[in-house]
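First comes the structure, then the notes that go with it.
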There are 2 protein chains.
Amino acid sequence: MLTSQRRALITTRLASDGQIVAGELAQELGLSEDTIRRDLRDMAAAGLLKRVHGGALPVTPALPDLETRQTMSTDVKKRLGRKAAELVHAGLLIFIDGGTTNAELVRALPRELNVTIATHSPVIAALLEKHRAEVILIGGRLYKHSMVSTGASALAAIAMLRPDIFFLGTTAVHPTYGLSTGDYEEAAIKRAIASRSVETVTLLTEEKLGAVSPHHVIGIEDMTALIMPAGMAPETYVAYRQKAVRIIEA
Amino acid sequence: MLTSQRRALITTRLASDGQIVAGELAQELGLSEDTIRRDLRDMAAAGLLKRVHGGALPVTPALPDLETRQTMSTDVKKRLGRKAAELVHAGLLIFIDGGTTNAELVRALPRELNVTIATHSPVIAALLEKHRAEVILIGGRLYKHSMVSTGASALAAIAMLRPDIFFLGTTAVHPTYGLSTGDYEEAAIKRAIASRSVETVTLLTEEKLGAVSPHHVIGIEDMTALIMPAGMAPETYVAYRQKAVRIIEA
DNA sequence: ATAAATCATGCAATATCGTGCAGAGTCAAG
DNA sequence: CTTGACTCTGCACGATATTGCATGATTTAT
């Protein structure tokens with residue numbers, strides 16, 4: 001692993017976890033603690049993080065992550081969410097995946113709409129408290145990173161459903177490699193839901209395009225539509241259109 | 001947890017609660033009181049807080065009416081939650097019912113504690129995002145009023161568990177009629193969980209005592225313990241003690 | 001006044017840190 | 001191709017920091 005890669009990972013990890021523990025990261029990467037410490041020392045000198053005994057913290061201490069993620073790029077996600085909400089009509093069975101972008105979809109859903117919403121994300125379910133929608137919560141063992149149910153019982157519950165639309169949450173979309181994610185179990189669950197759904201749609205912010213994660217979920221050609229921000233360069237998404245996927249701009 | 005994070009937490013907690021109790025915080029974080037005391041001593045030396053016997057106070061006391069209003073309603077529940085958290089030990093399987101009082105229990109649980117927590121409330125599950133605990137989410141059809149899973153699939157999932165402690169959320173407790181609630185399905189679920197649990201505990205605020213709702217859950221004699229606010233008139237709860245239920249004051 | 005809780009201090013075990021040094025790899029000049 | 005400067009990395013070692021426990025002092029509550 002290159003030094004710059006390692007340092008990029010540290011930055012990412014700081015943003016997602018709000019902390020770095022030197023010993024843990026050394027073990028995880030199979031490196032000595034000295035290397036990690038040197039990275040942290042240098043990055044602290046560059047003002048990229050705040051060095052503390054035992055590890056490092058972000059320079060701007062992590063706000064409650066709900067707040068952080070909300071403020072990250074709310075505008076774009078809100079627009080995507082509103083556009084996605086237009087696909088939802090009364091009487092349908094909708095499956096909503098976890099993630100902050102899908103949370104915006106939930107917020108954009110009319111409160112009085114008579115739909116049935118299935119989800120394996122307790123966060124999404126909690127957001128539906130004030131809606132009229134019938135909610136089906138998929139249980140299972142919670143995968144802590146993305147906070148969604150996984151495991152055999154979740155798969156069994158999903159097998160009982162036949163959603164009209166699946167709003168898939170994703171972190172990486174690539175024209176050739178399709179959708180991918182960082183966890184094996186998570187990928188399996190998403191695949192199971194998509195395979196049972198009539199339509200599969202995902203909401204995409206720009207930074208996810210072109211990215212690849214270790215675990216393949218489904219190919220672009222298996223998607224019904226991609227909802228992405230308007231105003232992007234055509235060459236960014238022409239590759240997707242060639243796969244006959246519908247592109248909806250928001 | 002890194003030292004600086006712990007101290008940041010102390011600052012936050014001082015702002016939100018208006019006080020720090022050394023013993024409680026030590027228990028909550030799974031550390032010795034000495035460590036907390038050292039933090040408080042050092043932070044007091046740095047002028048970040050005011051050290052007092054038993055804990056610490058903010059240097060600039062919070063505006064009185066803001067403090068009282070915010071904490072009046074939740075202060076009692078926070079105390080109940082912290083007391084209840086003392087019952088939870090590493091290695092146990094805990095089932096946590098929905099409700100705002102149980103939410104305070106979750107907030108009081110040590111973040112690093114190795115427990116397994118089952119819940120049929122997406123709200124409770126979402127609160128556990130930052131905890132190390134293994135979380136088992138019980139799925140089903142969400143009963144919107146109390147936001148908990150109900151129905152056959154929830155019952156089936158519960159039948160797989162054998163919780164050590166069930167923290168039952170309730171709205172009505174009566175010395176003769178026991179615990180009751182407003183929805184039939186909800187009562188059935190609570191009964192099912194209680195019947196499979198080794199211990200059943202409930203957190204009670206004063207206004208729930210003596211109330212009766214249409215649907216019976218379980219009798220007082222089937223409870224292991226009631227956790228209720230300290231300082232109530234003895235005649236208020238003597239009737240419960242006669243049922244051989246343990247009364248824990250918080 | 002007496003019991004219980006809380007505190008400060010010293011001590012030992014562990015974790016983390018900084019520094020110096022050596023081996024391996026890279027790269028460009030010779 | 002060889003050589004030497006340079007960088008990166010891991011290890012060793014002593015220094016420092018953190019933590020939990022024991023002990024006796026102090027404070028608080030009854």
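Here is how names work: the chains are called A, B, and so on, in the same order as the sequence lines, proteins then strands, and each is numbered from 1. Owing to the predicted nature of the structure, the values given are computational and were not obtained by experimental measurement.
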Would you mind reading off the distance between [X] atom [atom1] and [N] atom [atom2], rounded to a whole angstrom?
X: B:Ile36; N: C:dC7; atom1: CD1; atom2: C1'; answer: 15 Å
X: A:Leu25; N: D:dT9; atom1: CG; atom2: C1'; answer: 15 Å
X: B:Glu24; N: C:dA5; atom1: CD; atom2: P; answer: 14 Å
X: A:Asp42; N: D:dT9; atom1: CG; atom2: P; answer: 11 Å
X: B:Ile20; N: C:dT6; atom1: CD1; atom2: C1'; answer: 16 Å
X: B:Gln5; N: D:dT18; atom1: CD; atom2: C1'; answer: 15 Å

query: Can you list the steps and then say if B:Lys77 with B:Thr205 is a side chain to side chain donor-acceptor pair (under 3.5 Å)?
result: CA-CA 7 Å; B:Lys77 292 183 177 181; B:Thr205 49; 5.7 Å; no
- prompt: How is B:Val21 classified with respect to the nucleic acid when contacts are heavy atoms under 4.0 Å: base, sugar-phosphate, or nothing?
  reply: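 No contact.
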Modelled atom types, side-chain donor and acceptor of B:His120 and B:Asp97, under 3.5 Å: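 B:Asp97 and B:His120 do have a side-chain donor-acceptor pair below 3.5 Å.
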task: Would you mind building the protein contact string for nucleotides 19-30 of chain D? One character per nucleotide, 5' to 3', B for base within reach (heavy atoms under 4.0 Å), S for sugar-phosphate only, - for untouched.
output: BBBB----SS--
- prompt: Could B:Arg246 and B:Glu199 be called an ion pair, given the rule that one side-chain N must be under 4.0 Å from one carboxylate O?
  reply: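 Salt bridge: no.
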query: Is the count of non-hydrogen atoms from other residues, nucleotides or ligands lying under 6.0 Å from B:Glu86 atom CD greater than 12?
result: yes
message: A quick test of your reading: do over 12 heavy atoms of other residues, nucleotides or ligands sit less than 6.0 Å from NZ of B:Lys208?
response: yes
- request: For residues A:Lys243 and A:Leu226, determine if any side-chain heavy atom of one lies less than 4.5 Å from a side-chain heavy atom of the other.
  value: no
- line: Comparing A:Arg41 with B:Val52, nearest DNA chain C nucleotide closer to 5' gives the residue B:Val52
message: Closest-nucleotide mapping onto DNA chain C: is B:Ala22 or A:Gly54 further toward the 5' terminus? I mean the 5' end.
response: B:Ala22
